[in-house]
Amino acid sequence: QVQLAESGGGSVQAGDSLRLSCVVSERTFSSMVMGWFRQDAGKEREFVAAIAWRGDWTTYADSLKGRFAISRDHAKNTAYLQINNLQPEDSAIYYCAVNLIGARSSSRNDYYYWGQGTQVTVSS
């Protein structure tokens with residue numbers, strides 16, 4: 001069983017930055033891939049970014065490249081999502097998710113374990 005816990009969300013002004021964290025409990029697997037997704041009220045959950053735990057692969061949603069950066073820290077069992085120059089349209093609940101089979105995917109259907117999410121609210 002893999003449990004994920006996100007943190008780092010909050011209410012900020014447009015132009016601010018946030019770093020979201022996702023701690024993986026229990027053991028980690030070298031093959032696993034961690035992803036970040038977001039969902040605003042009334043909208044579909046959308047892919048933001050993903051990283052292979054080995055660190056040899058990252059990918060981002062095309063529309064979000066440039067302001068978002070995903071990383072991970074093996075020693076802390078933690079993945080991060082840095083978001084710069086936040087805009088009101090970035091307001092959403094941000095979720096981290098894991099797939100253990102190493103699927104290097106942006107599809108939420110390939111991610112089996114999910115955290116509870118952390119709320120990001122951006123005011124103009």
Side-chain angles (χ1 to χ4, degrees):
Q1 182 76 8
V2 175
Q3 293 184 326
L4 308 174
E6 303 97 333
S7 63
S11 296
V12 298
Q13 297 291 315
D16 287 348
S17 298
L18 282 175
R19 188 175 78 159
L20 308 183
S21 299
C22 175
V23 178
V24 183
S25 68
E26 306 300 330
R27 61 174 295 187
T28 58
F29 300 84
S30 61
S31 62
M32 74 185 195
V33 172
M34 296 194 70
W36 284 96
F37 294 76
R38 68 184 186 181
Q39 187 169 21
D40 198 8
K43 297 182 180 179
E44 293 284 319
R45 189 168 299 189
E46 68 170 340
F47 172 75
V48 176
I51 185 168
W53 198 244
R54 291 192 182 99
D56 61 345
W57 175 82
T58 59
T59 191
Y60 297 88
D62 287 341
S63 60
L64 302 179
K65 286 180 180 177
R67 297 191 298 115
F68 291 72
I70 190 170
S71 61
R72 89 282 181 262
D73 185 328
H74 278 162
K76 297 181 178 180
N77 275 13
T78 301
Y80 301 99
L81 184 69
Q82 176 72 35
I83 315 173
N84 298 321
N85 190 22
L86 279 152
Q87 299 300 312
E89 55 266 31
D90 295 320
S91 297
I93 299 174
Y94 283 72
Y95 298 90
C96 66
V98 164
N99 82 66
L100 298 181
I101 61 173
R104 298 187 172 190
S105 170
S106 60
S107 171
R108 61 183 180 180
N109 295 326
D110 290 324
Y111 291 83
Y112 187 77
Y113 297 100
W114 293 80
Q116 294 299 306
T118 184
Q119 177 74 50
V120 172
T121 303
V122 186
S123 302
S124 59

Exam field: side chain [X] to backbone [Y], donor-acceptor pair closer than 3.5 Å:
| X | Y | answer |
| --- | --- | --- |
| Ser21 | Gly8 | no |
| Gln87 | Asn85 | yes |
| Thr78 | Lys76 | yes |
| Asp40 | Lys43 | no |

- At what distance, to the nearest 0.5 angstrom, does OG of Ser124 lie from CG of Leu86? 13.0 Å

Pairwise salt bridge (charged side-chain N to carboxylate O under 4.0 Å, His left out) hits with a residue in [range], at least two apart:
| range | value |
| --- | --- |
| residues 113-124 | none |
| residues 78-87 | none |
| residues 87-97 | Arg38-Asp90, Arg67-Asp90 |
| residues 92-114 | Glu44-Arg108, Asp56-Arg104 |

So which pairs with a foot in [range] pass disulfide (SG to SG under 2.5 Å), sequence neighbours left out?
| range | answer |
| --- | --- |
| residues 42-87 | none |
| residues 20-78 | Cys22-Cys96 |
| residues 64-94 | none |

- Query: Where do Val120 and Leu18 land on the side-chain contact (heavy atoms from CB on, under 4.5 Å) test, with the steps shown first?
  - Reply: CA-CA 9 Å; Val120 172; Leu18 282 175; 3.9 Å; yes

- Would Asn84 and Ser17 satisfy side chain to side chain donor-acceptor pair (under 3.5 Å), going step by step from the backbone distance to the final call? CA-CA 4 Å; Asn84 298 321; Ser17 298; 3.1 Å; yes

- Task: Can you see which heavy atom on Met34 is nearest to which on Leu4, and at what distance?
- Result: CE-CD2, 4.5 Å

- Nearest heavy-atom pair of Pro88 and Ala14: which atoms, and what distance? CD-CB, 4.3 Å

- Name all pairs fulfilling the ring pair (Phe, Tyr, Trp, His ring centres under 6.0 Å) condition that reach into residues 69-109, sequence neighbours left out, sorted by first residue then second. Trp53-His74

- Sorted by first residue and then second, give each ring pair (Phe, Tyr, Trp, His ring centres under 6.0 Å) pair with at least one member in residues 103-124; sequence neighbours left out. Phe37-Tyr111, Phe37-Trp114

- Query: In chain order, what residues pass the side chain to side chain contact (heavy atoms under 4.5 Å, CB included) check against Asn109, with sequence neighbours excluded?
  - Reply: Ser107

- Task: Just jot down the side-chain hydrogen bond (donor to acceptor under 3.5 Å, both in side chains) partners of Gln116, sequence neighbours excluded, or say none.
- Result: none

- With sequence neighbours excluded, tell me which residues meet side-chain hydrogen bond (donor to acceptor under 3.5 Å, both in side chains) with Ser31. none

Taking a hydrophobic cluster as the set of Ile, Leu, Val, Met, Phe, Trp and Tyr residues connected by side-chain heavy atoms closer than 4.5 Å, whether directly or through intermediates, do [X] and [Y] fall within one such cluster?
| X | Y | value |
| --- | --- | --- |
| Leu81 | Ile93 | no |
| Tyr60 | Val33 | no |
| Val23 | Ile70 | no |
| Trp36 | Met32 | yes |

- What's the verdict on side-chain contact (heavy atoms from CB on, under 4.5 Å) for Leu64 and Val48, showing C-alpha distance, side-chain angles and the deciding distance? CA-CA 7 Å; Leu64 302 179; Val48 176; 3.9 Å; yes

- Message: Would you say that Thr59 contacts Trp57 through its side chain, given a criterion of any heavy-atom pair below 4.5 Å between the two side chains?
- Response: yes

- Side chains of Val12 and Thr121: does their closest heavy-atom pair fall under 4.5 Å? no

- Taking it one step at a time, do Thr118 and Ser7 satisfy side-chain contact (heavy atoms from CB on, under 4.5 Å)? CA-CA 6 Å; Thr118 184; Ser7 63; 5.5 Å; no

- Message: With side-chain contact (heavy atoms from CB on, under 4.5 Å) as the criterion, how do Val24 and Val2 come out once you've worked through the C-alpha distance, each side chain's angles and the decisive distance to 0.1 Å?
- Response: CA-CA 7 Å; Val24 183; Val2 175; 3.8 Å; yes

